[in-house]
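The next block holds one structure in the form of structure tokens; read it before the comments.
In what follows, every chain begins at residue 1, and chains take the letters A, B, ... in the order their sequences are listed. Nothing here was measured: the structure is a model prediction, and the numbers come from that model.
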Amino acid sequence: MADLVKLTIDGKPVQAPPGTLVIDAAKTAGMEIPAFCYYEGLTLQAACRMCLVEVEKMPKLMTACTLPVAEGMVVRTETPEVAAARKYMLEFLLTNHPLDCPVCDKGGECELQDMTFRYGVGESRYTEEKVHTPEKQYSPVVFFDAPRCILCYRCVRICNEGLGVGALGVVYRGVGSEIAPNKGDHLECDECGACIDICPVGALTSGIYRYKTRPWEMTHVATICAHCADGCRTTLGTRNNQIIRGNNRDRSGVNGEFLCIKGRYAFDFYDHPERLQAPLMRVDGKLEEVSWARALEAVAQKFNGTLAAGGSFGVIGSNHTTNEENYYLQKFAREVLKTNNIDHHRTGDVAALLDALSGKEAALATAADLYQRKAILILGADLALEHPLLSFQARANYRHHQAHLYAVTPGPVREDKYSVVSIRVGGPAAKVGGDLGVIPGRDVGAVTTGPGAAPVGGPGVVPNPNAGAPSAPGPRWAPVTGPGIATGDPSGFCHPHNVEAGPGDYFAALEHLRERLKAEPELVIVFDDSFKGQDIKRLVEYADSLGIPVKYICLVDYSNSRGALDMALTPEFLPGYQPSGQPGMRVDEMLAAKLDVLWVVGANPCKAPGAGDRGPGFVVVQDMFLTETAKLADVVLPAACAYEKNGTVTNVTGEVQRLKCAVGAMGAKPDLEIMGFIAREMGVAAALGPWLPDLVLEEIRATVRGYDVPAPALAFGAAQTRPVNGRPSSETRPELVRSEHNGLFDSGTLGRYSRVLNSVLEKRLSR
Amino acid sequence: MTFSPQLEARFEKLLKSYPPGRQRSALVPMLLYAQDEVGSMTDELIDEVAQRVGVTPLQVNEVLSYYSMLHRKPMGKYHVQICTNISCLLNDGDKLWEHACKRLGIGNKEVTPDGQVSLEEVECMGACSWAPAIQVNYDFHHFITPEKLDQLLDSLTKKQ
Amino acid sequence: MLYNEPSPLETKVLSRRFGAPNSASIDTYLADQGYQAFRKAAGMKPEEIIEQVKISNLRGRGGAGFPTGMKWSFVPRTSPKPKYIVVNGDESEPGTCKDRVLIENDPHQLIEGVLIAGLAVDAHAGYVYIRGEYRYLIEVMEKAIGEAYAKGWLGKNIQGTGFDFDLYAHSGAGAYECGEESALLESLEGKRGIPRIRPPFPAVVGAFQCPTVLNNVETYCAVPAIIRDGGAAFAALGVPKAGGTKMTCLTGNINKPGVYELRLGFPVAQMIEEVGGGIPRGRRLKAMIPGGSSCPVLTAKECEGATMDYDSMSARKTMLGSGGVIVMDDQTCMVKALMRIIRFYAHESCGWCIPCREGTTWLRKILVRFHEGGGTRSDIDLIGDIGKNMLGRTFCPLGDAAAMPTISFVEKFREEFEDHLAGKPCPYEHADHGIEVLSLSR
Ligand SMILES: Cc1cc2nc3c(=O)[nH]c(=O)nc-3n(C[C@H](O)[C@H](O)[C@H](O)COP(=O)(O)O)c2cc1C
Ligand code: SF4
Ligand code: SF4
Ligand code: SF4
Ligand code: FES
Ligand code: FES
């Protein structure tokens, strides 16, 4: 901040770093210059001409959105000429606008309405005919009303630059110019709704929110998306105990304005007709609705009875329940049920990473790091589909800071278009680690079975004699390198030619990658479940050998997958990765063993066909829906969903954020409350402590290693947990770590009950 | 999609005319030359050209819909383009246009039922000093009167 | 081929080979000192080339009249990026048809000019962007480029000078806006012809993000003569501050329409009466647009004493523009003329920015209605107002190009607009059929 540029705006002295645009300098100084096409973070357009200002010594009005500050510059934003320019710009805009505000979704939060109110002409002098075109549906999510569009190109840019999708474009020219979708009459895209959200007027509207309500009739609750592990903040607009829409216009949370289809629209599982509203109990072999009292009593009796008889328990937790619920559940299991048979579906080997990083400070990256660090290496995952926020952050980093991206993945990924080096490893994701060559001594040939040549040899890789000569034509892997220099140019995003065939030798490509990485000043490595157990240790060794500071993100699948591990829904650990020191069963073992009681909280371990035989024991399931597992249960307790309760969740990068209750559950109860009631019914509540989320959180902050996060940070934003040593015990079984690799439109059980996700999938199938 | 050897040669030359990685530059001329052979911008053509220059079909669509010489609908075998812009107008280009519409019984960007002739009212074509001017396909005809237009149309439709 | 007889009043520098047999062939060109200026330039330092161009007072012939030598000096010669020469042969400004004859009759003169520009800024590749409608000219250009390669005037190590240069012809596909320099570059890169934000100017960030010299066809065509005979000789042909000749297109109501090479500073009256042979059918001059439809119109009175050069025109608050002279006789309906001009701009607006996109179409709608007799008195002010609200506020100069004729037509021919009121049909349309013309020669 050494050399600030000094200028004057409306007589007020202003200072700004060189390169700042006048529009931003003015904003910082508290003066708002109107703008439609200017949008922070997106490319400049200079199209709407709303931001025209007078600048001394310049012959005509200048666009503040493209004009960098200069020493001694004198800017005036409120002169009669500027006012006239704005006024008439609005007059021009309104010539073709239908002025149907009373029926427009955007009414009340429309930027055109606001501007017309502030700067506009009273009466239009336009008396010619207006062009009318009917509204079009571009996709299940996106509707477009062309006459309302003011052609600010925000939608085109957010889709191309922000999402890297490029599904919207401009066709025709002059007054005929129109926003068009990528497939002629419809869209095939991420369906993220970012274009709708960013549209300053009501030209793009969502199929979910359309005509449902007016903005001022809603209550807004900022909570965290219930789907993937990225943990985006989503602000739910509710009315009459219904969720009407989701967005994040206030940019709070780790995601700024970003949301994918799940965060913005797929809250709709919450009022699916199949939501369970009353407890079910097996009577004469059939599940029947019963009262809460009766169901809880039955569970408590069974639990107490089994305890008294010295019977066996198994507890399977969830990737979705809150930290408080997970903490309480494991405490319940360990202290009340006296069992270490507790587990959940693990989707990434966080424990192994934490162990491998032992003694390293600041080695875990946050979502913000992906936007700030100079280089990013993506291993395995198709980030844009599986972790939309992380992908968005990396893309923005490329655009804004020319960050260097590297991708080593089994299939083509969006990052190819702007990565410095992209390497394609054939076959399953599991091959990535082996093929990368980061794992010395690993027998890649053994992993890469299947047709075609398994690449063998190369640095530190023991050749496998069985994986010899190519049997299928052509290489299964295609090393490709990107432009080599990161230009940050978003116009290249949808330009496959940016990716040129690289050196023919696969291992030469890997060596090339290593050399390039060594030359980076710092690196963030993002890896998925193709790295687990000892592989992760080797990955860290590989990274250490680069001689640069490296941070890591171990990808996990669901909204609180990370919290489930941290809170020790595992037999190996106690909360905070303290070794448990006692043997306990894992999910598969619990299902196979004939346990007397199996308690499943928010999970569906019997989803796979054939997993149907649960044995003779007593099964209690807490869930929102009658899942495959719930169908096998003796007692099913209807659980509230993430939008119906308070608590905290920890995202993929270890950042803790608060869930806030947006709507009340009909008949269902939060899992924490259910567990508390069971404890009370059993007469053990005192031992477990109160089951209020805030009080459980206090206990977590006080006792769980890494979770002593500052409370104020939690109140409004996210706080990253401290990395702790994972120290996996010798019985760790990395093969149990398995990511579902959910795409944009899949999300486990929640996704199955989301109408919007299903409608997108159905549309895809029907085409 | 297959094209004539001449067009393929043209494409090849075009794709080699720009710096490496800038093959998209060939897009506008490629579309125009392709239209000359294919007749109009068909979906198939759009996909093919998109793939050859390495852009999405949407990007091709954005481009082709911008340029006035590129059409989604096929025009006649003889595409008669009449300029009515200012220098031609001052020399009765507008009357020439009306005459052509009446004589052919079609309007702007329409094709005669036999597919032989189409009409387009065009902007200045760079023949202002020899106005009024028309173009039939790519051939210029200068100082055109309604009579001369009739003769020209007669000879064109007789020729085939 | 020549489309009009030359005039003895012409000063034939760029057009001196016009009409010669096979004037477009490299042999004709070489036989008439062709490519000698390139040889001379190859022996000069780049700064010396640019200096001669500066001395010549050559100003851009594409319409804006920016001093060419100065433009070339903006190119960062030491930049590690490749540099490009781009020729603007989009020629779409109504009233303008001069680049066409320059390429058709003497393409090698253009190639030589481009080569010299390449020497001056250390560029080794160039593109001639030609509007799609000029397909036959693309063929002429490609043939000439082929000849030049064959005879070693293009390609590697040209004529042993160690200078490499590749030249390509590039076709547009119908868009006036692609004549605007930055929109042209977008089009050259295979995109919609939407202008770019400037700065940076093409000299610094142009084609393919590299430094680029972009000039009009005629501008490059003047360069060989400047190097051959020296900048001072070229400057002496014109007036102070603007050297040389201007290819002038006489169009509209004129007896001998055609493209004539006149020295800058040529008197307007003499141009119309003697070069152009006066106005047909014994009519009188009502108005003239000096440099393509974008320039403010001049009344007959304002034409008195005017000369065809930048200063004389700017003293009359108009522009020399591209050299497309549009002559309107005393029976021209000025409402109709403006309506047609505005139809053009509405059709050609790229649509990027609000004032041009909406303004041109609004104007078009009013003017069509107005000319058909559906106008009101307040429309007249509104037309002028819309023009003023566009002027200087659009993203690129196309908006100004539509605004300037609008404002000047309404200001200078207001009575004609008033004559159209009260639901009457255009009082001028049928002037030919004996109706008394009201506002003669104002
Ligand atoms: C709307 C518009 C259209 C233009 N069309 C042309 C054109 O067809 N040919 C041309 O040479 N310049 C045209 N220009 C001017 C160019 O932008 C540019 O100034 C010129 O090509 C530079 O060359 P010069 O300095 O040699 O004149 C146009 C400008 C505008 C704003
Ligand atoms: S919904 Fe998202 S991906 Fe689809 S067009 Fe809009 S911004 Fe692009
Ligand atoms: S649809 Fe909305 S965001 Fe897109 S260009 Fe139109 S007004 Fe702007
Ligand atoms: S003034 Fe605006 S809309 Fe008009 S051509 Fe220029 S950029 Fe396009
Ligand atoms: S905000 Fe500056 S032109 Fe749109
Ligand atoms: S005005 Fe008709 S060709 Fe120029």
Side-chain angles (χ1 to χ4, degrees), chain B residues 13-14 16-33 35-36 49 53-55 59-60 62-71 81 83-94 121-131 133 135 137-140 142-143, chain C residues 3-4 82 91-100 125 127 131-136 138 166 168-176 178 187-194 207-208 210 249-253 257-259 289 293 324 326-329 332 336-337 340-341 343-344 347-348 350-351:
Chain B
K13 182 174 166 197
L14 276 169
K16 282 200 287 224
S17 298
Y18 307 93
R22 297 286 184 171
Q23 274 50 51
R24 180 178 179 163
S25 289
L27 181 56
V28 175
M30 267 172 86
L31 289 173
L32 189 58
Y33 283 105
Q35 173 174 278
D36 294 343
V49 174
V53 301
V55 297
Q59 286 170 315
V60 175
E62 291 185 278
V63 167
L64 80 87
S65 62
Y66 174 93
Y67 293 92
S68 61
M69 291 176 73
L70 301 172
H71 304 287
Q81 300 145 80
C83 172
T84 60
N85 209 317
I86 185 74
S87 301
C88 290
L89 177 83
L90 292 167
N91 289 286
D92 291 336
D94 55 339
E121 184 184 10
V122 294
E123 298 298 352
C124 175
M125 332 184 272
C128 325
S129 283
W130 314 291
Q135 254 193 326
N137 300 339
Y138 288 107
D139 297 332
F140 279 101
H142 297 143
F143 301 119
Chain C
Y3 304 109
N4 58 272
E91 190 161 72
S92 309
E93 172 82 10
T96 317
C97 48
K98 62 181 177 79
D99 297 338
R100 188 175 150 195
Y127 296 89
R131 64 180 298 183
E133 293 88 344
Y134 285 175
R135 170 62 62 80
Y136 82 103
I138 294 170
D166 288 310
Y168 308 89
H170 180 104
S171 172
Y176 166 64
C178 290
S187 179
L188 179 67
E189 293 182 13
K191 302 178 193 157
R192 294 161 63 79
I194 307 290
F208 316 118
C210 296
C249 320
L250 295 187
T251 79
N253 301 129
V259 180
I289 303 178
S293 63
I326 303 165
V327 182
M328 291 176 261
D329 69 21
T332 307
K336 185 174 179 181
R340 187 60 190 85
I341 289 173
R343 263 185 62 192
F344 168 74
H347 185 258
E348 301 299 332
C350 79

| task | Provide the closest heavy-atom pair for B/S87 versus C/G95 in the form atom of the first, atom of the second, distance. | result | OG-CA, 3.6 Å

| note | Nearest heavy-atom contact between B/F143 and C/P257 is CE2-CG, 4.1 Å

| query | At what distance, to the nearest 0.5 angstrom, does SG of B/C124 lie from CD1 of C/I341? | reply | 11.0 Å

| query | Out of C/A173, C/G174, C/C97, C/A337, which one racks up the most heavy-atom pairs below 4.5 Å with chain B? | reply | C/A173

| query | With only heavy atoms counted, which part of C/Y136 is less than 4.5 Å from chain B, the side chain, the backbone, both or neither? | reply | side chain

| task | Identify the two heavy atoms, one from C/E189 and one from B/R24, that lie closest to each other, and give their separation to 0.1 Å. | result | O-CG, 3.5 Å

| Does any heavy atom of chain B fall under 4.5 Å from the side chain of C/L250, the backbone, both, or neither of them? | backbone

| said: So, using side chain to side chain donor-acceptor pair (under 3.5 Å) as the criterion, who are the partners of C/E93 when residues are at least two apart? | reply: C/Y176, C/S294

| query | For the residue pair B/L90 and C/V327, what are the closest heavy atoms and their distance? | reply | CD1-O, 3.5 Å

| message | Do B/S129 and C/K98 make a side-chain contact, defined as non-hydrogen atoms from C-beta onward lying under 4.5 Å apart? | response | no

| request: Among the options C/H170, C/M328, C/H347, pick out the one with the most heavy-atom pairs lying under 4.5 Å from chain B. | output: C/H170

| What part of C/R192 gets closer than 4.5 Å to chain B, counting heavy atoms only: side chain, backbone, both or neither? | both

| task | Kindly say whether C/G252 contributes a backbone atom to a donor-acceptor pair with the side chain of B/N91 at under 3.5 angstrom? | result | yes

| task | Taking the side chain as every heavy atom from C-beta outward, state whether C/K191 and B/E62 have any pair of such atoms under 4.5 Å apart. | result | no

| Between B/P19 and C/Y127, what is the shortest heavy-atom contact and its length? | CD-OH, 3.6 Å

| query | What part of C/I138 gets closer than 4.5 Å to chain B, counting heavy atoms only: side chain, backbone, both or neither? | reply | side chain

| With a 4.5 angstrom heavy-atom cut-off, which part of B/V122 approaches chain C: side chain, backbone, both or neither? | backbone

| task | State which residues pass side chain to side chain donor-acceptor pair (under 3.5 Å) with C/R340; sequence neighbours excluded, sorted by chain then number. | result | B/T84, B/E123

| At a heavy-atom separation under 4.5 Å, does C/F344 approach chain B through its side chain, its backbone, both, or neither? | both

| request: Name the option with the most non-hydrogen atom pairs under 4.5 Å to chain C; the candidates are B/H142, B/K13, B/Q135. | output: B/H142

| request: Check whether any side-chain heavy atom of B/Y18 sits under 4.5 Å from a side-chain heavy atom of C/Y168, and report yes or no. | output: no

| query | For the candidates B/A131, B/A127, B/C88, which exhibits the highest count of non-hydrogen atom pairs separated by less than 4.5 Å from chain C? | reply | B/A127

| remark: Under 4.5 Å to a heavy atom of chain B? For C/R131 that would be side chain

| message | Looking only at the side chains, is there a donor atom on one of B/Y66 and C/S187 sitting less than 3.5 Å from an acceptor on the other? | response | no

| task | Look up atom CD in C/E91 and atom SG in B/C128, then write down how far apart they are to the nearest 0.5 Å. | result | 7.5 Å

| remark: Scanning both residues in full, the closest heavy-atom pair of C/A175 with B/S68 reads N-OG, 4.5 Å

| remark: When the 4.5 angstrom heavy-atom criterion is applied to B/N137 and chain C, the contacting part is neither

| said: Under 4.5 Å from any heavy atom of chain C, what part of B/I86 do you find: side chain, backbone, both or neither? | reply: both

| Of the backbone (N, CA, C, O) and the side chain (C-beta and beyond), which part of B/F140 lies under 4.5 Å from a heavy atom of chain C, both, or neither? | side chain

